[in-house]
Amino acid sequence: PPSPNSLKPIKIHVHPELGVYLTGATEAPVKNAEECIKTIEYGNTMKVVHATAMNAQSSRGHTICKLTVVKEGGKDNVTSNSEVYFADLAGRENERSTQVTGERFVELGFIN
């Protein structure tokens, strides 16, 4: 995994033919399920969370994970690609219920 200092800002783009795509996102090839889980756990350590009155670890942004599975070979010697996206969306919390102030209060306006 990359070091936090080497991370670039992630930008979202919409292309008329390609659809939605990201630049600056981290891509980490893995060879088995164990490496996949370790990579996801690493990604979770990079999340920004803060405590509110409603949630001890409230996400301050969305997390998206794309899993690409490549199958090569077989009887026909064909390569198949499959993609699955997983999204953990930060929930919109009520300002009164969270009891946050200052910078955390401003963040609520940007989530979702």
Going by side-chain heavy atoms closer than 4.5 Å, which hydrophobic residues are tied to [X], directly or by a chain of links?
X	value
Ile37	none
Leu18	none
Ile64	Tyr85
Val78	none

Exercise for the section: Check side chain to side chain contact (heavy atoms under 4.5 Å, CB included) between Val70 and all other residues, then give those that pass, not counting sequence neighbours. Expected result: Thr68, Glu72, Thr79, Asn81
Problem - Set of residues satisfying salt bridge (Lys or Arg N to Asp or Glu O under 4.0 Å) with respect to Glu34, sequence neighbours excluded - result: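 Residues passing salt bridge (Lys or Arg N to Asp or Glu O under 4.0 Å) with Glu34: Lys38.
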Problem - Residues which pass salt bridge (Lys or Arg N to Asp or Glu O under 4.0 Å) with Glu83, listed by chain and number, not counting sequence neighbours - result: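 Partners of Glu83 under the salt bridge (Lys or Arg N to Asp or Glu O under 4.0 Å) test: Lys66.
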Problem - Distance-minimising heavy-atom pair for Gly24 and Ile10 - result: O-CG1, 3.7 Å
Exercise for the section: Check Ile40 against Cys65 and note the closest heavy-atom contact, atom names and distance. Expected result: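 The pair with the smallest heavy-atom distance is CG1-SG, 4.3 Å.
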Fill in the blank from the handout: Those residues at least two apart in sequence (or on a different chain) that pass ring pair (Phe, Tyr, Trp, His ring centres under 6.0 Å) with His13 are Tyr21
Exercise for the section: State whether the number of non-hydrogen atoms from other residues, nucleotides or ligands found under 6.0 Å of Ile12 atom CD1 is greater than 12. Expected result: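 Open: at most 12 neighbouring heavy atoms sit under 6.0 Å from CD1 of Ile12.
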